Trainee: 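This is the structure I want to talk about, given as structure tokens.
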Amino acid sequence: MNSGNAGDTGAGSAGPAFVIVMGVSGSGKSTVGARLAQQLGWPFYDGDHFHPPANVAKMAAGIPLSDVDRAGWLETLATLIRSNLAVGQSGVLACSALRRSYRAHLQVEPQRVHFVFLKGPYDLIWERMTRRQDHYMQPLLLQSQFAALEEPDAALVLDIRLEPERLVERIVAYLAASPAQTDLQE
């Protein structure tokens with residue numbers, strides 16, 4: 001499915017939609033999110049690019065962010081989603097969204113905001129993070145990410161051991177089959 005029409009969600013409902021690709025750092029959110037957006041013809045937003053400089057500096061120094069640190073960032077992302085939906089624009093957002101409260105903040109329209117959880121084993125994600133270059137998120141913060149993670153109750157859950165192309169195919173099929181969020185595990 002490749003649609004440049006912002007109102008064509010491919011999710012079985014009229015109007016725009018937003019897909020939030022979530023998971024711990026190193027799970028492939030940006031890679032999968034960008035490929036999904038390209039496949040759908042929707043804009044892609046990387047949540048990492050919306051962190052204020054103070055947050056980036058903390059993470060670069062290996063200091064986990066607190067809920068207070070994330071509050072403004074989450075509000076910026078929620079505003080981005082609301083603004084796009086208000087003008088009929090669909091989109092894909094890569095965002096850790098680790099806690100239920102973070103996802104609740106981003107869930108600005110339950111019928112239009114869909115979560116996809118990229119789930120994988122710690123060792124694989126650690127390996128991926130240690131190979132990354134030029135990213136401020138330090139591999140040493142991975143443990144804090146797993147500690148903060150509250151797995152979603154309502155999301156498409158995908159195993160990151162699948163190739164990104166397979167993950168995108170499954171997300172597109174999910175959107176085509178289900179206008180409302182369902183609790184799926186693969």
Side-chain angles (χ1 to χ4, degrees), residues 17-37 44-82 91-110 112-132 135-162 164 167 170-171 174 181-186:
F18 242 80
V19 176
I20 299 175
V21 182
M22 59 158 293
V24 298
S25 185
S27 62
K29 299 180 302 291
S30 297
T31 298
V32 171
R35 289 181 185 191
L36 175 65
F44 172 70
Y45 304 95
D46 190 329
D48 286 346
H49 298 155
F50 291 86
H51 275 293
N55 285 6
V56 173
K58 280 182 96 168
M59 290 183 283
I63 302 168
L65 297 180
S66 69
D67 287 349
V68 172
D69 295 326
R70 288 187 180 94
W73 173 69
L74 288 167
E75 184 52 37
T76 298
L77 296 177
T79 299
L80 170 78
I81 295 167
R82 260 190 232 98
V92 177
L93 170 67
C95 174
S96 54
L98 298 176
R99 294 189 188 274
R100 285 179 185 90
S101 62
Y102 306 165
R103 292 188 296 276
H105 198 82
L106 297 173
Q107 184 58 282
V108 299
E109 288 192 44
R112 300 206 187 278
V113 177
H114 305 273
F115 287 92
V116 175
F117 174 37
L118 299 182
K119 183 177 180 175
Y122 185 92
D123 292 344
L124 174 59
I125 296 172
W126 174 264
E127 178 186 325
R128 286 180 176 186
M129 288 184 73
T130 57
R131 285 184 291 168
R132 288 198 308 197
H135 195 283
Y136 58 79
M137 184 64 153
Q138 298 299 310
L140 295 175
L141 292 176
L142 184 59
Q143 186 173 356
S144 71
Q145 291 252 306
F146 270 91
L149 176 63
E150 298 170 351
E151 293 194 14
D153 298 322
L156 172 63
V157 181
L158 296 173
D159 186 333
I160 65 166
R161 291 173 284 205
L162 294 172
L167 295 170
R170 292 189 181 188
I171 298 167
Y174 164 74
Q181 288 186 331
T182 56
D183 198 7
L184 300 177
Q185 179 95 25
E186 294 197 12

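For clarity, every value in this text was computed on a predicted model and none was experimentally measured. Hydrogens, waters and symmetry mates play no part in the numbers below; they use all other heavy atoms, side chains included.
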Trainee: May I ask you to test the Ile160-Ile125 pair for a side-chain heavy-atom distance under 4.5 Å?
Mentor: yes
Trainee: Check for a donor-acceptor pair, side chain of Thr31 on one end and backbone N or O of Gly28 on the other, with a separation under 3.5 Å.
Mentor: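 No, Thr31 side chain to Gly28 backbone: no donor-acceptor pair under 3.5 Å.
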Trainee: Side chains of Arg161 and Pro121, heavy atoms from C-beta outward: is any pair under 4.5 Å?
Mentor: yes
Trainee: Rounded to the nearest 0.5 Å, what's the gap from CZ on Arg112 to CZ on Arg82? Could you check?
Mentor: 15.0 Å
Trainee: Is Arg128 reaching over with its side chain to a backbone N or O of Ser27, donor-acceptor style, under 3.5 angstrom?
Mentor: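 Looks like yes, one N/O pair under 3.5 Å.
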Trainee: Quick one: does Arg103's side chain have a donor or acceptor within less than 3.5 Å of a partner on Leu98's backbone?
Mentor: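 Here the side-chain-to-backbone pair exists.
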Trainee: Roughly how far, to the nearest 0.5 Å, is CD1 of Ile81 from SG of Cys95?
Mentor: 7.5 Å
Trainee: State, with a plain yes or no, whether a side-chain heavy atom of Asp69 is found less than 4.5 Å away from one of Ser66.
Mentor: yes
Trainee: Name the one of Leu158, Leu156, Val19 that satisfies side chain to side chain contact (heavy atoms under 4.5 Å, CB included) with Tyr174?
Mentor: Leu156
Trainee: Taking C-beta and beyond as the side chain, do Ile20 and Leu77 meet within less than 4.5 Å on heavy atoms?
Mentor: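 No, their side chains stay 4.5 Å or more apart.
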Trainee: Say you draw a straight line from CD1 of Ile63 to OG of Ser144; how long is it, rounded to the nearest 0.5 Å?
Mentor: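 If we round to the nearest 0.5 Å, Ile63:CD1 and Ser144:OG are 11.0 Å apart.
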Trainee: Please round to the nearest 0.5 Å and tell me the distance separating atom CG of Leu36 and atom CZ of Arg170.
Mentor: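 Leu36 CG to Arg170 CZ: 14.5 Å, rounded to 0.5 Å.
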Trainee: Ignoring hydrogens, what is the shortest heavy-atom contact between Phe115 and Ala97? Give both atom names and the distance.
Mentor: CE2-CB, 4.4 Å
Trainee: With a 3.5 Å distance limit and no angle check, can you tell me whether Asn55 reaches the backbone of Arg70 through a side-chain donor-acceptor pair?
Mentor: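 Answer holds: no.
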Trainee: State, to 0.1 Å, how close Phe44 and Ala37 come at their nearest heavy-atom pair, and which atoms those are.
Mentor: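 It is CB-CB, 3.6 Å.
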Trainee: Using every non-hydrogen atom in the two residues, find where Phe18 and Val92 come nearest and quote the distance to one decimal.
Mentor: CE2-N, 4.2 Å
Trainee: Between Phe50 and Thr79, is the side-chain contact (heavy atoms from CB on, under 4.5 Å) condition met? List the steps.
Mentor: CA-CA 12 Å; Phe50 291 86; Thr79 299; over 6 Å; no
Trainee: Run the salt-bridge test on Arg100 and Asp153 with the 4.0 Å N-O cut-off and return the result as yes or no.
Mentor: yes
Trainee: Ignoring hydrogens and angles, tell me if any N or O in the side chain of Lys29 forms a donor-acceptor pair with the backbone of Val24 under 3.5 Å.
Mentor: yes
Trainee: Tell me, with the steps shown, if Trp73 and Leu65 meet side-chain contact (heavy atoms from CB on, under 4.5 Å).
Mentor: CA-CA 11 Å; Trp73 173 69; Leu65 297 180; 5.9 Å; no
Trainee: If you look at every heavy atom in Asp46 and Ser30, which pair is closest and at what distance?
Mentor: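 Where Asp46 meets Ser30 most closely, the heavy atoms are OD2-OG, 2.7 Å.
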Trainee: If I compare all heavy atoms of Asp67 with all of Arg99, which pair ends up nearest, and what's the gap?
Mentor: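 Heavy atoms only, the tightest pair is OD1-NE, 3.6 Å.
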Trainee: Does the side chain of Ile171 come within less than 4.5 Å of Val32's, by heavy atoms?
Mentor: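 Touching, per the 4.5 Å side-chain cut-off.
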Trainee: Using a 4.5 Å cut-off on heavy atoms from C-beta on, say whether the side chain of Leu106 contacts that of Met22.
Mentor: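 No; the side chains remain at least 4.5 Å from each other.
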